Number of protein chains: 2
Amino acid sequence: MKIKDIAKLAGVSPATVSRVMNNNGYVKADKRKAVEAVIKEVGYQPNEIAKSLKNQKSKIIGVIVPKISTETASRIVDGITQVTKTRNYQLLIANTNQQIEEEINSLKFLSNKLVDGIIMSATEVTDQHIEVARRLTVPLVIIGQKMEGFTCVLYNNYNAVTDLFNYIVDSGHQEIAFIGVDQRDIEVGQIRKQAYLDGLERHQLPYNPDLVAIEDFSIESGYKAMTRILEKRLPTAVMAVTDHLAIGAIQAIRDCGYRIPEDVSVTGIGDIKLAQYLSPPLTTVHYNFKTSGQIAAEQLFNQMDQEEKYVAEDIYIDYDLVIRNSLKKR
Amino acid sequence: MKIKDIAKLAGVSPATVSRVMNNNGYVKADKRKAVEAVIKEVGYQPNEIAKSLKNQKSKIIGVIVPKISTETASRIVDGITQVTKTRNYQLLIANTNQQIEEEINSLKFLSNKLVDGIIMSATEVTDQHIEVARRLTVPLVIIGQKMEGFTCVLYNNYNAVTDLFNYIVDSGHQEIAFIGVDQRDIEVGQIRKQAYLDGLERHQLPYNPDLVAIEDFSIESGYKAMTRILEKRLPTAVMAVTDHLAIGAIQAIRDCGYRIPEDVSVTGIGDIKLAQYLSPPLTTVHYNFKTSGQIAAEQLFNQMDQEEKYVAEDIYIDYDLVIRNSLKKR
DNA sequence: TTGTATGCGTTATCAT
DNA sequence: ATGATAACGCATACAA
């Protein structure tokens with residue numbers, strides 16, 4: 001059923017039907033009523049693709065995430081939908097499974113006039129990313145990583161880890177282990193580690209490579225990393241760069257017969273929903289991922305709305321230290 | 001940059017460019033090379049919307065979920081992407097926030113030739129759902145609920161709860177509380193409860209309304225429900241219809257000064273990723289949500305591929321009883 | 001106030 | 001083997 005058919009049934013021209021559908025232009029009350037009657041009668045719904053082609057916009061926002069089945073990603077997406085729905089925009093999700101190549105491809109593909117703007121939650125930013133991003137014909141907002149020349153929504157990782165580190169030291173810990181991720185992830189792998197190293201130095205604590213382990217993002221990685229550390233030395237506290245890593249570490253510590261937090265304290269970062277329901281509840285840093293999605297979407301719409309060149313800006317999301325019982329004062 | 005421009009730059013007709021892009025029709029090697037050179041040169045990417053209009057298909061699958069920021073939903077979506085990517089299909093996500101109306105709207109909207117097929121993860125199926133679904137011009141697959149006339153991917157809730165109930169009774173429990181959800185959710189609210197009731201009868205256990213509480217899906221709801229039950233009576237075991245409800249219940253039980261599982265045993269359903277990392281690790285039923293997403297997508301493609309009327313079928317997803325330490329033998 | 005006709009960017013049909 | 005052109009369904013400029 002297309003606009004022509006409706007026109008015929010209502011005894012008017014296609015243009016009139018279009019005017020009724022979009023509520024613009026002049027159309028007499030009786031014709032309008034006739035058209036509306038037919039529309040309701042046959043349950044006519046316009047072809048969105050044809051509209052997109054004609055209007056040169058799809059009312060779709062592309063979202064690129066490294067892995068949708070992750071609490072972080074799904075909360076970001078939730079935040080994005082929160083604001084896109086007020087604008088009647090739809091979300092096209094590209095799940096890249098942490099494959100850099102997939103990410104680049106999605107970036108290219110989505111921009112082919114399929115979407116009006118793109119939000120990308122990134123873990124790693126390569127030169128290739130930047131190159132493709134520069135060629136984009138639609139606005140792009142990045143979440144989670146810094147990318148020169150684009151609006152980025154960032155978590156204040158350095159300050160967060162610093163605050164957390166200070167709190168751990170203030171609680172009387174001197175042997176603080178660190179479980180991190182690959183340095184290619186600038187924000188999580190590099191900055192969080194740097195804050196740890198700077199923390200050691202600031203408190204005149206020695207750097208001990210035996211207390212540092214680098215792994216992937218999974219719970220299992222946390223387990224492996226902690227196991228490696230325990231083979232060499234027993235720290236009094238462990239700082240993991242994500243809650244999942246912390247959970248794996250806790251498991252490993254228990255499997256070695258130690259108690260938490262009596263023997264070893266553990267902290268995470270992220271404050272996943274279940275962090276407070278673990279036992280002991282996890283001391284961590286709360287990031288409001290949903291908010292970051294909302295802000296990214298708002299920024300994107302800002303760029304889409306204004307014709308002139310926008311000014312890229314970095315926006316830092318607030319964080320909160322969440323003190324629970326997985327860390328014990330000594 | 002459109003096909004016409006490429007044609008001009010390469011000194012050929014638009015038709016030839018199209019042939020090169022799609023690798024069909026005849027085109028001499030030298031012309032092909034010329035066209036390819038220009039395409040690479042200017043980084044040409046075809047307009048997907050125009051292609052969709054012309055081809056009468058968008059290569060987009062619509063996915064309707066009640067709440068994306070939920071482990072269940074995101075794992076289902078993950079499964080769907082797993083198979084859509086092999087077909088070069090994109091995913092359009094409609095996050096309905098558990099609003100029935102939003103669900104209906106999405107169903108209507110997505111079908112307007114915007115998507116080639118729809119997968120809907122449902123919590124409640126109303127007459128309105130069915131009516132709109134029947135008018136759909138694209139195939140539809142339902143996950144999680146039964147809907148007459150459509151292919152449904154279902155969790156075998158009755159059997160799962162029955163197995164779990166039997167296990168609880170076999171472990172020596174007689175006072176078994178039940179925390180459920182609203183009956184409008186047929187599968188989770190109704191069938192799981194019916195299996196509980198039938199379990200009582202089969203084992204000649206009395207039905208005690210004081211031991212049954214109905215709430216929403218959240219952890220907080222589990223807490224509230226359990227608190228209400230504890231005000232009246234102390235069961236030896238609690239069966240919650242989701243892991244989140246179980247987690248809330250555990251919290252409530254502990255806040256009343258009881259130990260788990262020594263004083264009260266608790267079970268969940270779903271086996272969220274963290275279930276095994278709780279203390280005590282949660283006894284639950286494992287559902288492979290990712291698999292259900294994959295199967296739904298495969299079913300959808302089956303329907304999209306064949307021209308003739310397909311036969312709606314119900315597909316049940318396997319489950320596994322996962323015995324952990326939140327339930328104690330008496 | 002309404003209708004006719006054109007074009008959005010692509011593909012496919014039909015000539016050549 | 002290649003090119004001109006119509007058509008996909010809609011919105012809009014222009015004519016009436």
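Quantities reported herein were computed from a predicted structural model and do not represent experimental measurements.
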> Can you tell me how far the OG1 atom of Thr81(B) sits from the CD1 atom of Ile68(A), to the nearest 0.5 Å?
Replying inline: 8.5 Å
> Using the C1' atoms of the five pairs at each end, what is the angle between the end axes of the helix from dT1(C)-dA16(D) to dT16(C)-dA1(D), to 10°?
Replying inline: 50°
> Applying ring-ring contact (aromatic ring centres under 6.0 Å, His included), which residue pairs with at least one partner in residues 104-155 of chain B are found, sequence neighbours left out?
Replying inline: Tyr155(B)-Tyr287(B), Tyr155(B)-Phe289(B)
>> Expressed as a whole number of angstroms, how long is the span from Lys59(A):NZ to dA11(D):P?
In response: 12 Å
>> Counting only side-chain heavy atoms from C-beta out, which of dT10(C), dC8(C), dG3(C) sits nearest to Leu53(A)?
In response: dC8(C)
>> Rounded to whole Å, please give me the gap between CD1 in Ile6(A) and C1' in dC10(D).
In response: 13 Å
>> Show, in sequence, the C-alpha distance, side-chain angles and deciding distance for Lys290(B) and Asp78(B), and conclude whether the salt bridge (Lys or Arg N to Asp or Glu O under 4.0 Å) test is met.
In response: CA-CA 6 Å; Lys290(B) 188 170 168 180; Asp78(B) 197 24; 3.8 Å; yes
>> Near DNA chain C, counting only heavy atoms under 4.0 Å, which residues of residues 35-50 of chain B show up?
In response: Tyr44(B), Pro46(B), Asn47(B), Ala50(B)
>> What's the closest nucleotide to the side chain of Ile3(A) if the choices are dA11(D), dT11(C), dT2(D)?
In response: dA11(D)
>> To check you understand the geometry: which heavy-atom pair defines the closest contact between Ser106(A) and Thr96(A), and what is its length?
In response: OG-CG2, 4.0 Å
> NZ of Lys28(B) versus P of dG3(D): gap in Å, rounded?
Replying inline: 11 Å
> Which pairs pass ring-ring contact (aromatic ring centres under 6.0 Å, His included) with one or both residues in residues 50-97 of chain B, sequence neighbours excluded?
Replying inline: Tyr89(B)-Phe301(B)
> In chain order, what residues pass the side-chain hydrogen bond (donor to acceptor under 3.5 Å, both in side chains) check against Thr123(B), with sequence neighbours excluded?
Replying inline: none
>> Just the rounded figure in Å: distance from C1' of dA12(C) to CE of Met21(B).
In response: 16 Å
> Just how far, in rounded Å, is P of dA4(D) from NZ of Lys8(B)?
Replying inline: 11 Å
>> Taking Val65(B)'s backbone N and O only, do any of them form a donor-acceptor pair with Ser121(B)'s side chain (distance below 3.5 Å, no angle check)?
In response: no
>> Can you see whether Gln82(A) engages Asn95(B) through a side-chain donor-acceptor pair at a distance of less than 3.5 angstrom?
In response: no
> For Glu48(B) and Lys59(B), what are the C-alpha separation, side-chain angles and deciding distance, and is it a side-chain contact (heavy atoms from CB on, under 4.5 Å)?
Replying inline: CA-CA 9 Å; Glu48(B) 294 295 331; Lys59(B) 304 214 77 175; over 6 Å; no
>> Without decimals, in angstroms, what is the distance between Lys4(A) NZ and dT6(C) C1'?
In response: 13 Å
> Rounded to the nearest Å, what distance is computed from the OH atom of residue Tyr26(A) to the C1' atom of nucleotide dT2(C)?
Replying inline: 13 Å
> Under 3.5 Å, side chain of Asn97(A) to main-chain N/O of Gln99(A), donor-acceptor pair present?
Replying inline: no
> Can you tell me how far C1' of dC10(D) sits from CE of Met1(A), to the nearest Å?
Replying inline: 16 Å
> Counting just side-chain N and O atoms, does Gln56(B) come under 4.0 Å of either OP1 or OP2 of dT11(C)?
Replying inline: no
Any protein N or O atoms within reach of nucleotides 12-16 of chain D? Criterion: under 3.5 Å, listing atom names and distances.
none

> Hey, are Asp30(A) and Lys28(A) close enough for a salt bridge, meaning a charged N less than 4.0 Å from a carboxylate O?
Replying inline: no
>> Please report the interatomic distance CD(Glu298(B)) to CG(Asp305(B)), rounded to the nearest 0.5 Å.
In response: 11.5 Å
> At under 4.0 Å between heavy atoms, what does Lys31(A) touch on the DNA or RNA strands: base, sugar-phosphate, or nothing?
Replying inline: sugar-phosphate
